[in-house]
2 protein chains.
Amino acid sequence: MARQATYDRDKVLKSAMDLFWAKGFHATSLKDLENALDMRPGSIYAAFGSKEGLYAEALRLYSGRTQAGLAEVMAKGGSKLKGIADYIRLLGGQNRAEVPSRACMLVKTILEMPDDDPNLRGLAEDLIDQMEAALTEVLRQAQNEGELPTSADPMRLAGQIQTQLIGLRAYAQRIHAEGRVAQVAEDIAQGIEALSVKAA
Amino acid sequence: MARQATYDRDKVLKSAMDLFWAKGFHATSLKDLENALDMRPGSIYAAFGSKEGLYAEALRLYSGRTQAGLAEVMAKGGSKLKGIADYIRLLGGQNRAEVPSRACMLVKTILEMPDDDPNLRGLAEDLIDQMEAALTEVLRQAQNEGELPTSADPMRLAGQIQTQLIGLRAYAQRIHAEGRVAQVAEDIAQGIEALSVKAA
DNA sequence: CTCAAATTTGAGTGATCGCTCAAAATATAT
DNA sequence: ATATATTTTGAGCGATCACTCAAATTTGAG
């Protein structure tokens with residue numbers, strides 16, 4: 001009956017995510033998006049409603065991929081704490097060239113959008129809360145498996161780890177810090193492994 | 001011979017700092033600045049050259065105040081490690097209402113400006129390097145005073161603390177995290193105090 | 001092939017961006 | 001007062017912003 005869209009929605013969203021992740025919301029113009037997505041404004045608006053709507057979709061994609069990334073490392077089995085530690089080593093070892101930005105897109109969003117922004121700011125906070133909840137869940141499992149002492153507080157620990165994760169990735173965004181990131185990541189990773197009852 | 005400027009440069013810069021700190025570079029328009037500084041564009045440009053120039057000045061002011069803040073806490077004498085720990089507790093205990101943003105303005109700048117920005121991004125990195133150097137120096141003093149073990153590496157430790165500081169403040173920027181910030185700060189502070197040879 | 005439904009296009013919308021500069025206003029010196 | 005030096009003002013510059021929409025294009029159905 002009708003024409004079908006020529007673009008691949010997933011690929012387009014991935015391109016938008018990369019661009020927004022690298023440049024942020026305000027510094028990314030529609031001209032930039034037209035180039036990156038190879039779409040004209042009419043199509044972009046038909047597909048996503050607004051620049052903000054597109055950013056929101058890109059954020060959700062980012063969040064999903066990030067959580068999948070953690071899950072993937074955890075799925076290798078073995079110690080939960082080692083899994084978290086390895087995930088941090090993974091982030092610490094990323095090459096600047098292979099990623100749009102070393103900092104977390106959720107954090108970049110939270111820092112860029114004003115406190116009273118009802119949409120993107122709120123969404124980013126919700127998604128980062130999800131990430132922290134996932135971390136809490138893994139720690140609870142570690143506790144159930146006897147790896148983490150029963151005296152430990154998974155929620156509290158998740159907050160500490162989340163803070164260090166956020167810090168590490170913002171730290172790594174600095175060009176100057178290039179050489180020091182892996183060491184900082186390693187220190188964080190070892191701190192987590194040291195929580196194990198089997199450790200030292 | 002001539003008219004003298006009616007504005008107080010220090011006060012104006014403070015206002016610009018507060019506004020930029022809260023809203024970031026891109027989201028702050030000249031209209032916003034005209035209102036906040038109570039100055040018309042001609043005067044602003046005569047005084048600071050450009051929006052970017054004004055931001056740079058504001059960033060330098062921020063950096064100076066931040067370093068002074070650390071120095072002030074340290075000047076109370078006593079243990080260096082306790083000083084750093086108290087500085088972190090101070091940041092953790094800040095009220096959202098009393099500060100333009102809970103996140104560090106230097107970090108916000110680094111995350112907002114593109115990697116290849118030669119001006120503001122480079123400046124922010126230089127200034128945050130200074131902060132880390134100041135931290136390193138305090139740790140070296142702690143070592144000289146026998147508080148920190150000779151086996152410790154002040155530079156490496158400074159990187160860890162800097163990472164946690166950055167993380168804490170970005171974590172605290174979240175509205176949702178409001179109630180959890182003080183605890184995260186306390187955990188970081190205790191971790192630093194635990195470095196002392198006199199500790200446990 | 002013809003028609004209908006959907007998508008793509010890109011020129012053009014009003015608004016706002018950072019910024020300029022000639023004119024007006026003001027302070028100081030004589 | 002007058003003259004001179006400096007600052008302040010704000011209308012308005014070209015550029016760019018996010019976004020719209022009528023026309024052109026493309027597809028599938030009958």
Side-chain angles (χ1 to χ4, degrees), chain A residues 1-13 15-59 108-109 112-114 116-121 123, chain B residues 1-59 109 112-114 116-121 123:
Chain A
M1 267 247 279
R3 187 179 178 182
Q4 64 183 354
T6 58
Y7 60 86
D8 178 332
R9 199 170 208 275
D10 289 343
K11 282 183 183 172
V12 159
L13 261 179
S15 300
M17 182 193 82
D18 284 351
L19 187 60
F20 277 134
W21 186 5
K23 303 192 61 172
F25 181 77
H26 289 106
T28 301
S29 72
L30 246 105
K31 276 270 175 301
D32 294 333
L33 286 165
E34 289 175 40
N35 293 334
L37 311 188
D38 191 26
M39 287 172 75
R40 261 35 65 198
S43 299
I44 297 176
Y45 280 83
F48 303 103
S50 66
K51 181 187 172 186
E52 185 177 275
L54 176 53
Y55 191 97
E57 283 289 311
L59 250 193
K108 289 187 75 167
T109 305
E112 184 181 355
M113 308 308 290
D116 53 12
D117 178 284
N119 299 324
L120 297 182
R121 173 66 179 273
L123 175 60
Chain B
M1 268 242 284
R3 190 176 175 183
Q4 65 182 355
T6 58
Y7 60 85
D8 179 331
R9 198 169 210 273
D10 289 343
K11 283 183 183 171
V12 160
L13 261 179
K14 169 68 162 56
S15 301
M17 181 193 82
D18 285 350
L19 186 60
F20 276 134
W21 185 3
K23 303 194 61 172
F25 181 76
H26 288 106
T28 301
S29 72
L30 246 102
K31 276 270 174 297
D32 293 332
L33 287 166
E34 289 174 42
N35 293 335
L37 311 188
D38 191 28
M39 287 171 75
R40 260 37 64 197
S43 297
I44 296 175
Y45 280 82
F48 302 103
S50 67
K51 183 187 172 187
E52 183 177 276
L54 176 54
Y55 192 97
E57 284 287 313
L59 205 55
T109 305
E112 183 181 355
M113 307 308 290
D116 54 12
D117 177 286
N119 297 324
L120 296 183
R121 173 68 178 272
L123 175 60

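Residue numbering restarts at 1 for every chain, and letters A, B, ... go by the order of the sequence lines.
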Among the candidates [options], find the nucleotide nearest to the side-chain atoms of [X].
X	options	answer
B:S29	C:dT20, C:dC17, D:dT8	C:dC17
B:Y7	C:dC19, D:dA18, D:dT8	D:dT8
A:Y45	C:dT8, D:dC19, D:dC17	D:dC19
B:Q4	C:dT28, C:dA11, C:dG18	C:dT28
A:T6	D:dC19, D:dT9, C:dT8	C:dT8
A:L30	D:dA18, C:dT20, D:dC17	D:dA18
B:S43	C:dC19, D:dA18, D:dT8	D:dT8
B:A5	C:dT8, D:dG28, D:dT7	D:dT7

Can you find a heavy atom in the side chain of B:R9 that is under 4.5 Å from one in the side chain of B:F48?
yes
Please give, in whole Å, the distance from [N] [atom2] to [X] [atom1]?
X	N	atom1	atom2	value
B:I44	D:dT7	CD1	P	15 Å
A:E34	C:dG10	CD	C1'	9 Å
A:N35	D:dC17	CG	C1'	15 Å
A:L33	D:dC19	CG	C1'	13 Å
A:Y55	D:dA18	OH	C1'	17 Å
A:D38	C:dG10	CG	P	11 Å
B:M39	D:dT9	CE	C1'	12 Å
B:R40	C:dT26	CZ	P	14 Å

Please tell me which of A:P41 and B:D32 maps to the more 5' nucleotide of DNA chain C, matching each residue to the nucleotide holding its nearest heavy atom.
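The residue mapped nearer the 5' terminus is A:P41.
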Just checking B:F48: base, sugar-phosphate only, or nothing, at a heavy-atom cut-off of under 4.0 Å?
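It contacts nothing in the nucleic acid.
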Could you verify whether a donor N or O on one side chain and an acceptor N or O on the other, from A:Y55 and A:T28, lie under 3.5 Å apart?
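Absent: no donor and acceptor within the cut-off.
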Would B:S29 and B:D32 count as having a side-chain donor-acceptor pair, cut-off 3.5 Å?
yes
Which atom names give the shortest non-hydrogen contact between B:D117 and B:N119, and what distance separates them?
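Answer, listing the atom of B:D117 first, then B:N119: OD1-N, 2.8 Å.
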Quick check on DNA chain D: between B:A46 and A:T28, whose nearest nucleotide comes earlier from the 5' end?
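The answer here is B:A46.
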Lys/Arg N to Asp/Glu carboxylate O, B:D10 vs B:K14, below 4.0 Å:
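No.
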